[in-house]
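Below, all heavy atoms of this structure are taken into account, side chains as well, without hydrogens, waters or symmetry copies. Numbers for residues simply follow the sequence, beginning at 1.
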Amino acid sequence: MKIQSYFILFFLLGMVNCQKKEANIIQPNIIPKPLFQQLNNGVFELNEATSLETIQEFGNVAQFLKSYVKEQFHLKISSKKSDTKILFIKDHSIKNEEGYLLKIDKNKIEIRANSSKGAFYAVQSLIQLLPIENKSTSISIQCLEIQDAPQFAYRGMHLDVARHFFSVDFIKKQLDLMALLKMNTFHWHLTEDQGWRIEIKKYPKLQEIAAFRNETLIGHYSDEPHQFDGKKYGGFYTQKEIKEIVKYASERQITVIPEIEMPGHSQAAIAAYPELGCTGNQLEVATKWGVFEDIYCTKETTFQFLEDVIDEVVPLFPGKYIHIGGDEAPKSRWKNCAHCQKVIKKEGLKDEHELQSYFIKRMEKYINSKGKQIIGWDEILEGGLAPNATVMSWRGNVGAIEAAKQQHDVILTPNSHCYFDYYQSDNENEPLAIGGFLPLEKVYDFNPIPEELTKEEAKFVLGAQGNVWTEYMSTPEKVEYMVFPRIIALAEVVWSAKEHKNYDDFIRRLEFFNKRLDAKNVQYANHLYEVKGEFINKNEKVFYEFETITKGKDIRFTTDNSEPNSNSKMYEKPIFIEKSQTLKAAVFNKEGTKLGSIFEQKINLHKAVGAKITLNVAPHKAYNAGGTQALINGISGNNKRFGDKEWLGFSGDDVEITIEFDKPTEINSIFTRFHNGNGQWIYAPKKVLLYRDDSKYPFEIKLEKNKDLLVSVIIIGQHMKAKKIKIFIPNYGIIPEGKQGAGNKAWTFIDEIIIE
């Protein structure tokens with residue numbers, strides 16, 4: 001009996017140890033989500049007895065894994081044969097060069113791929129199965145099988161180092177994070193009006209003059225008057241540093257694409273060499289943001305300069321592409337330049353747009369002669385597309401559709417879904433950004449294949465890219481905050497199968513992935529524990545609804561303007577709104593700890609709330625998050641920016657808003673606001689007309705401008721009674737010369753229409 005007791009005790013201790021071991025296993029939370037994943041019973045024990053076997057082709061990838069385990073966990077993988085092993089195997093049956101098979105059994109890990117790229121991505125998935133930190137001499141890894149391959153060949157991330165300059169070490173850190181997310185292209189924006197960042201030995205003034213500006217704009221471009229810090233700013237990468245970064249990227253299966261802007265965004269270069277411009281006047285490197293009239297002239301000296309630059313750029317970047325920009329090139333200098341007009345006449349060109357096409361085609365021919373192909377922003381379509389050009393479509397999907405239908409390769413990077421310099425939260429305390437509103441869910445919902453394309457045309461879509469323009473990102477921490485976690489969502493968009501995507505599941509995995517970012521000291525934006533609110537109409541009554549994107553958490557709220565705590569009322573169903581009030585809410589875990597920031601919403605239950613509203617034109621799809629009802633839902637937009645869901649944006653349209661009540665209603669005042677951020681092409685209207693019922697005669701309206709908030713305020717203080725009112729808002733018109741967006745129709749942004 002005593003022997004049997006010892007046996008039972010030994011068995012129970014073994015069970016406890018097994019349970020402890022199982023508890024330490026990282027359950028698969030891989031991002032981007034694999035194509036196929038199956039969990040199997042058991043674990044693989046990674047320890048110093050584990051051996052690694054590889055072929056020469058996968059040697060660098062195997063060494064990457066070996067070094068990672070040693071540096072991260074202080075475990076050495078042996079080269080001697082053992083009972084537990086990691087095998088790298090060439091598998092010709094895997095057709096996608098970036099595809100892989102990862103199979104983890106109790107005694108071995110098999111990594112099968114047809115190329116080093118696939119093997120590397122298998123390793124990245126394996127790394128995400130390892131603990132974030134480990135204090136024992138072994139690591140337990142869940143037995144499973146993964147079959148995986150990307151949906152798109154181009155999975156890119158862009159970084160603007162011209163507006164603000166970032167160190168080699170910071171770029172390497174971003175490349176490491178890109179690799180973990182299986183992103184394979186780094187688009188390096190190296191030249192701009194505000195700085196030239198690449199060493200060109202033949203033209204030393206690019207390093208001496210073009211790489212530095214005298215000072216930098218403080219605050220937002222829309223702030224008036226402009227203020228500057230008075231400090232010289234700049235820097236550049238030596239060719240040695242560039243080679244170092246390109247090599248580092250290559251080891252992580254990342255191709256680096258340099259961008260050398262032309263013909264626009266070239267004021268820094270012209271400041272160093274004035275003869276490159278049309279006027280020959282001495283300029284300074286730009287100290288504020290925007291689009292500048294001085295662009296490269298179409299002289300032979302300019303083309304010689306750019307060809308010399310390309311001659312030095314090409315050997316530094318072994319990839320297929322050179323990005324030549326081609327965007328936002330004002331034509332005013334060309335219109336008034338005798339030389340440019342002579343070229344137009346000589347070449348039989350129609351106008352300055354065709355002159356830009358001539359410029360791009362000429363540079364493309366030279367770049368092609370060097371064995372490279374060009375990528376340009378979608379403006380290169382204007383005047384005729386260069387023969388072998390790839391189009392990077394940023395102004396929505398229109399450029400992508402046009403280029404794909406012309407059988408040109410396309411990369412999608414629309415500002416509506418891929419511009420990570422936009423605000424990502426409604427929070428008042430969000431750091432300064434250029435404008436716009438791009439929350440995480442909208443990035444995740446992005447489909448890189450425009451629905452207007454046929455199946456054959458869709459084959460020209462190479463993939464998509466996230467863009468980071470750094471006008472308002474002066475530190476590495478700020479860049480990381482703006483990029484993460486939105487780049488994580490985009491990584492899943494371009495890798496994972498569309499039919500397997502699920503936002504709730506993504507958020508669950510992201511919550512765990514953020515712990516890895518913590519360990520890597522990434523200053524990401526964590527909005528997972530924010531409360532979101534929505535005004536809803538139901539059975540002729542109005543309610544307010546709370547939600548949070550993370551599961552297993554509680555929302556607690558107050559209606560008396562007090563701060564919510566663990567004893568506050570639990571949110572269970574939409575809150576009936578019967579008076580104007582302030583709601584506050586926060587997310588709590590089951591232990592009662594507040595996890596995120598406090599959400600606050602002031603609700604103004606004015607007379608238009610719940611009324612019927614119609615518009616003659618739909619808001620622009622990029623600025624219609626709240627829908628038409630946002631104009632009369634009792635909630636005003638953000639005072640400092642126009643990108644939240646309460647502001648509706650209209651691109652160049654005259655807007656007619658009709659509000660209908662269920663019965664004649666006493667109206668004492670009507671109040672609304674227009675954003676007036678001219679730096680973003682947004683202008684308040686010059687006048688507004690108000691009509692009562694079916695009257696043809698408008699009421700007189702008073703317009704006031706508030707410079708602090710950069711909005712115009714309409715106040716209508718005339719008492720009247722009406723069942724229907726119509727507000728006509730003419731578009732401002734064409735933006736005048738000398739202003740941002742000159743020659744284009746202005747945007748109109750409208751806030752809540754408050755009727756008392």
(request) Supply the atom-to-atom distance N47 CG to T50 OG1, rounded to the nearest 0.5 angstrom. (result) 4.0 Å
(message) In terms of relative ring orientation, are W469 and H189 parallel, tilted or perpendicular, with 30° and 60° separating the classes?
(response) perpendicular
(message) Tell me whether N41 at atom CG has more than 12 heavy atoms from other residues, nucleotides or ligands lying less than 6.0 Å away.
(response) no
(message) How about CG on N427, more than 12 heavy atoms from neighbouring residues, nucleotides or ligands closer than 6.0 Å, or not?
(response) yes
(message) For the CG atom of L75 and the CG atom of L130, what is their distance to the nearest 0.5 Å?
(response) 9.5 Å
(message) I'd like to know if E244 and K240 make a salt bridge, using a cut-off of under 4.0 Å between side-chain N and carboxylate O.
(response) no
(message) Using side-chain heavy atoms (C-beta onward) and a distance below 4.5 Å, is I198 in contact with I260?
(response) yes
(request) Answer whether the closest heavy-atom distance between the side chains of L440 and Y503 falls below 4.5 Å. (result) yes
(request) Say whether, by atom type as modelled, one donor and one acceptor occur between the side chain of H158 and the main chain of V468 under 3.5 angstrom. (result) yes
(request) Can you measure from NE2 (H527) to CD (E430) and round to the nearest 0.5 angstrom? (result) 4.0 Å
(message) For K108, is the NZ atom crowded, meaning more than 12 foreign heavy atoms sit under 6.0 Å from it?
(response) no
(request) Report yes if the side chains of I31 and F506 come closer than 4.5 Å at any heavy-atom pair, otherwise no. (result) yes
(request) Compute whether any side-chain donor of one residue and acceptor of the other, for S416 and K442, lie under 3.5 angstrom apart. (result) no
(request) Start with the C-alpha gap between D421 and N467, add the side-chain angles, then the distance that decides, and say whether side chain to side chain contact (heavy atoms under 4.5 Å, CB included) holds. (result) CA-CA 8 Å; D421 52 339; N467 285 350; over 6 Å; no
(message) Under a 3.5 Å cutoff, is there a donor and acceptor pairing between the side chains of T470 and D160?
(response) yes
(message) If I compare all heavy atoms of L180 with all of K520, which pair ends up nearest, and what's the gap?
(response) CD2-CE, 4.1 Å
(message) Parallel, tilted or perpendicular, judged at 30° and 60°: which one describes the rings of F186 and W188?
(response) tilted
(request) Search all heavy atoms of A119 against all heavy atoms of A113 and return the closest pair with its distance. (result) N-CB, 3.3 Å
(request) Using atom types as modelled and distance alone, determine if a side-chain donor or acceptor of H408 lies under 3.5 Å from a backbone N or O of A389. (result) yes
(request) Without swapping roles, check the side chain of R486 against the backbone of L438 for a donor-acceptor pair under 3.5 Å. (result) yes
(request) Could you tell me whether a side-chain N or O of S138 sits under 3.5 Å from a main-chain N or O of E45, the two making a donor and an acceptor? (result) no
(request) Please tell me if the side chains of I111 and L102 come closer than 4.5 Å, counting only heavy atoms from C-beta onward. (result) yes
(request) Scan I242, I171, L316, V246 and name whichever one has a side-chain contact (heavy atoms from CB on, under 4.5 Å) with V256. (result) V246
(request) Using a 4.5 Å cut-off on heavy atoms from C-beta on, say whether the side chain of F446 contacts that of L412. (result) yes
(message) Quick check on D505: does its CG atom have over 12 non-hydrogen neighbours (other residues, nucleotides or ligands) under 6.0 Å away?
(response) yes
(request) Examine distances only and state if a side-chain atom of E328 and a backbone atom of H265 form a donor-acceptor pair shorter than 3.5 Å. (result) no
(request) Decide yes or no for E312 and K201: does some side-chain heavy atom of the first lie under 4.5 Å from some side-chain heavy atom of the second? (result) yes
(message) So F512 and K515, do their side chains get closer than 4.5 Å, heavy atoms only?
(response) yes
(request) Take Y68 and L126, measure what side chain to side chain contact (heavy atoms under 4.5 Å, CB included) needs, and give me the verdict at the end. (result) CA-CA 11 Å; Y68 179 88; L126 177 58; over 6 Å; no
(request) Establish, from distance only, whether the side-chain atoms of N521 and Q523 form a donor-acceptor pair under 3.5 Å. (result) yes
(message) Has Q207 got a side-chain atom pairing as donor or acceptor with I200's backbone, closer than 3.5 angstrom?
(response) yes
(message) Parallel, tilted or perpendicular: which one describes the rings of Y237 and F165, with boundaries at 30° and 60°?
(response) tilted
(request) Show your working on salt bridge (Lys or Arg N to Asp or Glu O under 4.0 Å) between E471 and R163 and close with a plain yes or no. (result) CA-CA 5 Å; E471 289 97 330; R163 274 55 175 255; 3.8 Å; yes
(message) I need the minimum non-hydrogen distance between N415 and G396, along with the two atoms involved.
(response) OD1-N, 3.9 Å
(request) Measure across G376 and I324 and return the closest heavy-atom pair with its distance rounded to 0.1 Å. (result) CA-CD1, 4.2 Å
(request) Look at the side chain of R197 and the backbone N and O of A162, then say whether any donor-acceptor pair between them is shorter than 3.5 Å. (result) yes
(message) Check whether E364 reaches the backbone of N388 with its side chain - one donor and one acceptor, N or O, closer than 3.5 Å.
(response) yes
(request) Kindly say whether K33 contributes a backbone atom to a donor-acceptor pair with the side chain of E492 at under 3.5 angstrom? (result) yes
(message) Is the positively charged end of R252 above the ring of Y248, judged by distance under 6.0 angstrom from the centroid and angle within 45° of the axis?
(response) yes
(message) Regarding K370 and D311, does a basic nitrogen lie under 4.0 Å from an acidic carboxylate oxygen?
(response) yes
(request) Please name the pair of heavy atoms, one in Q147 and one in L101, separated by the smallest distance, quoted to 0.1 Å. (result) CG-CD1, 3.5 Å
(message) Rounded to the nearest 0.5 Å, what separates atom CG in L65 from atom OG1 in T54?
(response) 10.0 Å
(request) Grab the two heavy atoms, one from I104 and one from Q142, that are nearest each other, plus how far apart they are. (result) CG2-O, 3.6 Å
(message) To the closest 0.5 Å, what do you measure between OG1 (T255) and CZ (R155)?
(response) 10.0 Å
(message) Whether the side chain of N368 engages the backbone of K372 through a donor-acceptor N/O pair (distance < 3.5 Å, no angle test) should be reported.
(response) yes
(message) Does any part of the side chain of I487, heavy atoms only, come nearer than 4.5 Å to the side chain of M183, both counted from C-beta?
(response) yes
(message) Once you measure the plane-to-plane angle for Y100 and W495, does it fall in the parallel (<30°), tilted (30-60°) or perpendicular (>60°) bin?
(response) tilted
(request) Show your reasoning for whether side chain to side chain contact (heavy atoms under 4.5 Å, CB included) applies to W289 and E192. (result) CA-CA 10 Å; W289 324 123; E192 256 301 339; over 6 Å; no
(message) Applying the salt bridge (Lys or Arg N to Asp or Glu O under 4.0 Å) criterion to K117, which one of E57, E98, E97 satisfies it?
(response) E97
(request) State the CD1-CD distance between I549 and E441, to the nearest 0.5 angstrom. (result) 7.5 Å
(request) Assess whether side-chain hydrogen bond (donor to acceptor under 3.5 Å, both in side chains) is satisfied between W394 and Q465, documenting all intermediate values. (result) CA-CA 10 Å; W394 73 277; Q465 172 178 288; over 6 Å; no
(message) Please identify which of these residues, Y321, F317, W377, meets the ring-ring contact (aromatic ring centres under 6.0 Å, His included) condition with H187.
(response) W377
(message) Please evaluate residues M473 and F420 with respect to the criterion side chain to side chain contact (heavy atoms under 4.5 Å, CB included), reporting the C-alpha separation (whole Å), side-chain torsions for both, the decisive distance (0.1 Å), and the verdict.
(response) CA-CA 11 Å; M473 303 180 207; F420 299 161; 5.9 Å; no
(request) Taking atom types as modelled, find out whether S425 and E530 have a side-chain donor-acceptor pair closer than 3.5 angstrom. (result) yes
